There are 2 protein chains.
Amino acid sequence: MFSKSCEYAIKATIYIAVQSNQGNRVGLKDIAREIASPEAFTAKILQQLSRNHIIDSVKGPNGGFQIDKKEMTRIKLSQIVSAIDGDAIFKGCGLGFKECSEKKPCPVHDKFKVIRNELKTMLENTSVQELSLGLANGLTFLHR
Amino acid sequence: MFSKSCEYAIKATIYIAVQSNQGNRVGLKDIAREIASPEAFTAKILQQLSRNHIIDSVKGPNGGFQIDKKEMTRIKLSQIVSAIDGDAIFKGCGLGFKECSEKKPCPVHDKFKVIRNELKTMLENTSVQELSLGLANGLTFLHR
DNA sequence: AAATTAAAGGATAATTTTGTCCTTTAATAT
DNA sequence: ATATTAAAGGACAAAATTATCCTTTAATTT
């Protein structure tokens, strides 16, 4: 569904959100350990998230990553997915056709459209804030 | 969403279905041309479909691929997807966790579950027969 | 200002997915 | 029986994704 990079991105963002809510800025090592991801690879992903203004990064001692509390409800899963995987999953054809539309649909177009739109809606309506709450409250988990 | 292999598999199966409904057995070259896929790569995929009893293959002169008409309504999209991509898309966690369950859910578990189940249901209830009709009737397309 | 800390970024490597080529096997037709 | 046809299968290659290592840049602390 999502690329590995995107999975890491979502996990990392949620973890950073939890920590930011507690007033903590977190470093790469911390994040990679917490979400069980390769450190250097995770660094690249965090860079992308930072460039896309999904997270903030601070260099130097006591540096690290954080998310502005006021922005946290604004950030939706869809933005993370778009930033890392692009928007093929929201807009793309189920069979990968470039030109697949209402007037020239592929065989699965109508059936696929329904699912794709529901996925899109779900991602657009799910905030990082919301997901971080479940994690902070111990209702959800980022590792086994 | 689906791998390239799986996209080819679905396209090929639908095309074979249309031809089988018209009493034609079709060869690899024909299929690859029609669905705009690399020939040798498509051959591998057709082998997998054949091994999984989704299509039948016949060697030698006038050989090729076909689908039993009586079986055609039985074959669902879900079987093609399972055969080629496995069942991660039906069962897997949205964030890729091995152990993600109701009692130990990942942060997106509840929201993702809904979409995944709808996708599963759609694929399980969509027959190749059904999709081949739209194509045969000129309502849907396998190329631009 | 100098030393230290941590992210940014470039280069490279491993793995997986996608794609190609060539030989073998099995069926049909002559 | 032999030749021909077309799928099956093995080995290999290219491309994309995932992952690692090392240097540079930008902060903070001393």
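Given the structure is predicted, the values throughout are model-derived calculations rather than measurements. Chain identifiers are assigned alphabetically (A, B, ...) following the order of the sequence lines, protein sequences preceding nucleic acid strands; residue numbering begins at 1 within each chain.
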TODO: Name the nucleic acid region contacted by B:Arg51, choosing base, sugar-phosphate or nothing; use a 4.0 angstrom heavy-atom cut-off, strictly under.
DONE: sugar-phosphate
TODO: For B:Asn24 and D:dA6, give me the distance from atom CG to atom P, rounded to whole Å.
DONE: 15 Å
- [ ] Spell out, as yes or no, whether a donor-acceptor pair under 3.5 Å connects the side chain of B:Ser50 to the backbone of B:Leu46.
- [x] no
- [ ] Return the 5'-most residue of the pair A:Thr42, B:Gly27 with respect to DNA chain D, ranking by each residue's nearest nucleotide.
- [x] B:Gly27
Open item on the list: Can you measure B:Glu7 atom CD to C:dT18 atom C1' for me and round it to whole angstrom units?
Closed with: 12 Å
Open item on the list: Please determine whether the number of non-hydrogen atoms from other residues, nucleotides or ligands lying under 6.0 Å from atom CG of B:Asp68 exceeds 12.
Closed with: yes
Task: Distance, rounded to the nearest Å, where B:Glu39 contributes CD and C:dC22 contributes C1' - done: 14 Å
Open item on the list: Determine whether a donor-acceptor pair (N or O, by modelled atom type, separation under 3.5 Å) exists between the side chain of B:Lys76 and the backbone of B:Thr73.
Closed with: yes
Task: A:Phe41 CZ to C:dT12 P, straight-line distance once rounded to whole Å - done: 19 Å
- [ ] Anything under 30° is parallel, anything over 60° is perpendicular, the rest tilted; go ahead and classify A:Phe41 against A:Tyr8.
- [x] perpendicular
Open item on the list: Using heavy-atom distances to pick each residue's nearest nucleotide on DNA chain D, tell me which of A:Ser37 and B:Gly64 is more 5'.
Closed with: B:Gly64
Open item on the list: Nearest whole Å is fine: how far is D:dA16 C1' from A:Ile84 CD1?
Closed with: 16 Å
Open item on the list: Let's see if you can work this out: which of C:dA7, C:dT4, D:dT18 has an atom nearest to the side-chain heavy atoms of A:Ser57?
Closed with: C:dA7
Task: Proximal nucleotide (of C:dT4, D:dT5, C:dA7) relative to the B:Pro61 side chain - done: D:dT5
Open item on the list: Expressed as a whole number of angstroms, how long is the span from A:Asn62:CG to C:dA3:P?
Closed with: 21 Å
TODO: Just call it for B:Lys44: base, sugar-phosphate, or nothing, with non-hydrogen atoms closer than 4.0 Å on any strand.
DONE: base
Task: A:Ser50 side chain, from C-beta outward: closest of D:dT18, D:dA27, C:dA8 - done: C:dA8
- [ ] Look up atom CD in A:Glu34 and atom CD1 in A:Ile14, then write down how far apart they are to the nearest 0.5 Å.
- [x] 12.5 Å
Task: Toward the 5' end of DNA chain C, by each residue's nearest nucleotide, A:Gln47 or A:Gly63 - done: A:Gly63
TODO: Whole angstrom is fine here: how far is it from CG in B:Leu28 over to C1' in C:dG19?
DONE: 13 Å
Task: B:Tyr8 side-chain N/O to C:dT18 phosphate OP1/OP2 under 4.0 Å - done: no
- [ ] Give the rounded distance in Å between these two atoms: NZ of B:Lys59 and P of C:dT23.
- [x] 17 Å
